[in-house]
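These notes are about the structure you will find just below.
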Amino acid sequence: MTKLSRKDVLRSDQFSKDEIDLIMETARAYEKALDAGEVLEDMRGKILSTLFYEPSTRTRLSFEAAMQRLGGQVISVAEAKSSSAAKGESLHDTIRTVDGYADVIVLRHPQIGAAAEAAAATDKPVLNAGDGAGQHPTQALLDLYTILKEQGKVEGLTIALAGDLKNGRTVHSLALLLANYDVRFLFVAPQALHMPQAIVDQVKAQGVEVQQTEDLGEAVRQADVLYMTRIQRERFEDPSEYDQLKDAYILTRAMLAEAKPGLSIMHPLPRVNEIATDVDEFAGAAYFRQAANGIPIRMALLMLAHNAA
Ligand code: NCD
C-alpha cells in the first residue's frame, strides 16, 4: 500500500491496519531523513493553512514545522476565534475561503464534528487537530508511534489511560486506534469522568479486554504504558465540579517504586499538576520525546493526505 484511501484525517478509527502501517513507515523514513540532516522538498510549492479556534502549542507548531521541513509553506490563524468568526462568519464560509488559499487545511475547533463539517465544505484535505471533546486522531498516531519507539512493540502490552477520559479527545482517539492491536486496556478515571460507553463498547467489540478502575496505583503496578491526561477544565459547565476533580490523580516519583520494569509514562501535554515534576527524570518518562514525535508523524500525514487516492 502506498496511498491512503481518503484525503481527510477526521477520526482515528477511519484507518485500516495497512494504512496505520503506511503512516508509521512514512514517519520513520522522515525521521531518518531529518536525523541525517537531509533537506526535503516533498511539499515544495504547497501551502498549509492552520486554523485554530482553541489554544494549542504543540499541535500547531509541530504541524507548521512539519510542513516547513517538507519544503512547504504555512499560513496560519492562531486565534481563529478572533478573526472572521468574531464577525459572525460560519465555519463553512471560512473553509470555502481558505480552500482558495491553501492545499491542505489543519483545523482545531471546540465543536465535536467540526472537522467533518469542514471536510464537507472543501475538496482540499482537512486534518482534524482536535474537535472539542471528540477526537484528536493525529495525536493518537504520534502516541502509537511513541509506544512503538519506546516499547519496541504494541502487541501484548497493558496500556493504562488515566484522568479525564470523558472529555479528553486524545484518549478517545488513542483507545480506538490501539483497538486494532492485541492490547489490554486499563481505563482509570473518577466516576464522573469515565470513558464514554460508546468507545468502551467499540473497543470491546474489536476483542480488546477492558478493565475500569478508579485506582491510579493499580495502573502503575500493572501497566507497560501509563498515559496520563489533564482534567479538561474548559469542558466543565460548573467550575466547582472541576475544583472537586482537578487533583483526582497526581503521579509522583514515589509511586513509581511499584511500577513494572520498563514502564513508559506518556502525556499529550500540557501538564497541569497530574504528573509531579520529579517524575521527569524517570527513564521511562516519555512525554517530551512523545511531543517531538509529532514532527515525523505530521510530516507523514501531510504528505499522505495530500497524495491520497
Ligand atoms: C491535547 C489536546 O489539545 O487535546 N493537547 C495536545 O494536542 N497535545 C491535550 C490537552 O489539551 O489536555
Side-chain angles (χ1 to χ4, degrees), residues 9-12 27 48 50-67 76-81 106-115 126-147 150 160-178 187-190 193 195-196 199 225-236 242 245-251 264-275 280 285-299 301-302:
V9 175
L10 303 179
R11 314 172 44 88
S12 66
L48 163 68
T50 55
L51 293 170
F52 278 68
Y53 291 79
E54 282 190 336
S56 171
T57 304
R58 277 147 290 271
T59 305
R60 188 168 66 83
L61 291 182
S62 65
F63 261 118
E64 295 183 359
M67 187 62 175
S76 179
V77 188
E79 293 188 54
K81 257 190 179 155
V106 170
L107 174 74
R108 171 170 288 184
H109 195 280
Q111 245 163 43
I112 295 177
V126 172
L127 282 70
N128 180 7
D131 59 331
Q135 286 228 10
H136 194 350
T138 72
Q139 176 74 43
L141 289 158
L142 83 84
D143 293 340
L144 171 61
Y145 188 74
T146 302
I147 292 170
E150 298 285 326
L161 307 182
D164 190 346
L165 305 188
K166 177 181 177 210
N167 300 302
R169 56 194 172 201
T170 69
V171 281
H172 299 165
S173 288
L174 184 56
L176 294 173
L177 187 71
L178 294 180
F187 291 160
V188 189
L193 299 177
M195 184 66 90
I199 295 181
V225 174
L226 172 56
Y227 190 101
M228 298 291 297
T229 63
R230 175 178 71 88
I231 308 293
Q232 306 279 299
R233 174 181 217 148
E234 65 274 36
R235 310 283 176 230
F236 285 79
Y242 170 75
L245 291 164
K246 69 181 176 17
D247 299 326
Y249 298 124
I250 299 176
L251 182 69
S264 296
I265 301 168
M266 295 174 61
H267 191 304
L269 304 176
R271 142 176 76 181
V272 183
N273 64 347
E274 56 280 352
I275 302 180
D280 298 1
Y287 26 95
F288 292 108
R289 297 192 289 275
Q290 179 185 356
N293 289 333
I295 300 287
I297 279 290
R298 289 180 169 126
M299 289 172 76
L301 287 170
L302 287 168

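Counting starts at 1 for both ligands and their atoms, in listed order. Computed from heavy atoms alone, side chains included, the values below leave out hydrogens, waters and symmetry copies.
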Which residue holds the protein heavy atom closest to [atom], what is that atom called, and what is the gap in Å?
atom                    : result
atom 11 (O) of ligand 1 : Arg230 NH2, 2.8 Å
atom 4 (O) of ligand 1  : Arg169 NE, 2.7 Å
atom 9 (C) of ligand 1  : Leu269 O, 3.7 Å

Using non-hydrogen atoms of the residue, decide whether Arg108 is closer than 4.0 angstrom to ligand 1. yes
Please verify whether a non-hydrogen atom of Pro270 lies at under 4.0 Å from ligand 1.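 The answer is yes: ligand 1 sits under 4.0 Å from a heavy atom of Pro270.
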Taking N or O atoms only and a 3.5 Å limit, does [X] qualify as a polar contact for ligand 1?
X      : value
Thr170 : no
Gln139 : yes
Glu234 : no

Spatial distance of atom [atom1] ([X]) from atom [atom2] ([Y]) [nearest 0.5 Å]:
X      : Y      : atom1 : atom2 : result
Arg58  : Asn293 : CZ    : CG    : 13.5 Å
Ile199 : Leu176 : CD1   : CG    : 5.0 Å
Arg233 : Lys246 : CZ    : NZ    : 8.0 Å

Counting N and O atoms only, with roles assigned by atom type, does the side chain of [X] sit under 3.5 Å from a partner on the main chain of [Y], one being a donor and the other an acceptor?
X      : Y      : result
Arg108 : Gly130 : no
His172 : Gln135 : no
Asp164 : Gln232 : yes
Arg11  : Pro137 : no

Can you list the ligand 1 atoms lying under 4.0 Å from a non-hydrogen atom of [X]?
X      : answer
His136 : 2 (C), 4 (O), 6 (C), 7 (O)
Gln232 : 10 (C), 12 (O)
Thr59  : 6 (C), 7 (O)

Has Arg298 got its NZ or CZ under 6.0 Å from the middle of the six-membered ring of Phe63, at an angle within 45 degrees of the ring axis?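 Yes - Arg298 lies over the ring of Phe63, closer than 6.0 Å to its centre and within 45° of its axis.
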